[in-house]
Amino acid sequence: MAASILNRIAGVGLYFGALIVAWGAVALAMGPEAYGVFTAAMGSIPGELVLLALTLGFFFHLGAGIRHLFWDAGVGFQPRTATLSAVIVIAFTIVATAAVWALAFATGGAR
Amino acid sequence: MSGPTSKTDDFRTSLSRARGLGAAHHGVGHWMTERVTSVALVPLGLWAVWAGLRIAPYGYEGAVDLLSNSFNAVAALLLLAISFQHMKIGVRVVIEDYVHTPFNKVSLLLLNSAVCWTAWAAASFSILMVALRGGGAL
């Protein structure tokens with residue numbers, strides 16, 4: 001139940017994430033100065049918090065989306081299975097997000 | 001309306017015109033597109049995370065370099081096209097579920113379409129410019 005509405009919230013969040021990506025692409029085509037403004041915004045503390053939220057939203061939407069595809073195929077509707085898959089999706093979200101940010105810090109992508 | 005109809009046909013109701021023609025077979029179109037795009041976005045989304053990690057430490061030159069690779073440029077174009085389609089349908093459903101005032105609903109649906117189409121076109125054009133001509137092309 002809660003996972004379903006969270007999936008919707010994550011999807012709407014990623015909508016704004018895609019607009020940020022579009023801004024990055026346009027800034028890149030405009031040249032180093034515009035792209036510098038973009039990376040400075042993303043590299044600031046609020047920028048990195050937004051990126052962290054987007055990473056969480058991405059992996060949650062990915063996991064919950066796959067869960068919905070199983071549901072569409074008629075699999076996993078039993079209450080126990082549904083609860084278990086929700087827990088798995090949340091655990092996956094946290095682990096995958098931690099892994100991505102560990103990589104970002106290790107490679108110098110985040111400070 | 002065109003077609004071989006007599007004048008009296010103009011007075012028929014929409015229902016009577018549609019009756020007997022069968023289903024339009026478009027009823028599940030959006031529903032199915034949302035699922036098909038979601039499957040495509042699994043590998044494309046993971047590519048985006050990889051690409052983000054790859055360009056984050058390097059600034060302008062690194063991002064241009066990534067897109068100068070044809071595989072990455074095509075992946076970026078596919079990601080944009082499919083994700084904006086997925087987003088447009090997804091947010092359309094959210095608007096239809098929560099906004100019931102006709103004016104507000106239609107306005108938001110139009111805004112949603114306009115934002116998705118415009119951002120998709122602008123971002124894709126930018127990716128192409130960088131991929132084909134290098135940075136600073138706009």
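Below, chain A is the first sequence line, B the second, and so on; all start at residue 1. The structure presented is a predicted model; accordingly, all values stated were derived computationally and were not measured.
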Best-contacting candidate, A:Leu14, A:Ile66, A:Asp72, against chain B by heavy atom pairs under 4.5 angstrom = A:Asp72
Supply the atom-to-atom distance A:Leu62 CG to B:Ser38 OG, rounded to the nearest 0.5 angstrom.
-> 9.5 Å
Between B:Val94, B:Val39, B:Leu80, B:Val93, which residue shows the highest count of heavy-atom pairs closer than 4.5 Å to chain A?
-> B:Val94
Passes side-chain contact (heavy atoms from CB on, under 4.5 Å), B:Leu46 versus A:Phe58? Steps please.
-> CA-CA 9 Å; B:Leu46 292 172; A:Phe58 170 75; 4.3 Å; yes
Transitively linked via ILVMFWY side-chain contacts under 4.5 Å: B:Leu67 with A:Ile20?
-> yes
Closest non-hydrogen contact found for A:Ala29 with B:Ser126 is CB-CB, 3.6 Å
Within one Ile-Leu-Val-Met-Phe-Trp-Tyr cluster: A:Val12 and B:Met87, side-chain cutoff 4.5 Å | yes
Between OG1 of A:Thr107 and CZ of B:Arg54, what distance do you get to the nearest 0.5 Å?
-> 10.0 Å
Just wondering, are more than 12 heavy atoms of other shown residues or ligands nearer than 6.0 Å to CH2 in B:Trp117?
-> no
Sort A:Leu103 into side chain, backbone, both or neither according to what part of it lies under 4.5 angstrom from a heavy atom of chain B.
-> both
Scanning both residues in full, the closest heavy-atom pair of B:Leu53 with A:Val100 reads CD2-O, 3.5 Å
Check step by step if side-chain contact (heavy atoms from CB on, under 4.5 Å) holds for B:Val115 and A:Tyr15.
-> CA-CA 10 Å; B:Val115 166; A:Tyr15 191 101; 3.8 Å; yes
Let me see the working for A:Thr39 and B:Tyr60 under side-chain contact (heavy atoms from CB on, under 4.5 Å), right down to the final yes or no.
-> CA-CA 9 Å; A:Thr39 50; B:Tyr60 180 75; over 6 Å; no
A:Phe70 atom CZ, neighbour heavy-atom count above 12 within 6.0 Å | no
Check each atom of B:Asn112 against the heavy atoms of chain A and say whether the ones under 4.5 Å are side chain, backbone, both or neither.
-> both
OH (B:Tyr58) with more than 12 external heavy atoms under 6.0 Å = no
Region of A:His68 in contact with chain B, defined by heavy-atom distances below 4.5 Å = neither
Pairs of heavy atoms under 4.5 Å with chain A: top-ranked of B:Ala122, B:Pro57, B:Ala123 = B:Pro57
Chain B heavy atoms under 4.5 Å from A:Phe38: which part of the residue, side chain, backbone, both or neither?
-> neither
Looking only at B:Gly90, B:Ala48, B:Gly45, most heavy-atom pairs under 4.5 Å shared with chain A are made by B:Gly45
Would A:Leu84 end up clustered with A:Ile94 when hydrophobic side chains under 4.5 Å apart are linked, directly or stepwise?
-> no
Quick one: of A:Gly65, A:Ala96, A:Ala18, who has the most non-hydrogen atom pairs under 4.5 Å with chain B?
-> A:Ala18
Would the number of heavy atoms belonging to other residues, nucleotides or ligands and lying under 6.0 Å from CH2 of A:Trp23 be above 12?
-> yes
For A:Ile45, does the CD1 atom have more than 12 heavy-atom neighbours from other residues, nucleotides or ligands under 6.0 Å away?
-> no
Going hydrophobic residue to hydrophobic residue with side-chain gaps under 4.5 angstrom, can you get from A:Leu19 over to A:Leu56?
-> no
Hydrophobic cluster membership, B:Phe71 vs B:Val42, 4.5 Å side-chain cutoff = yes
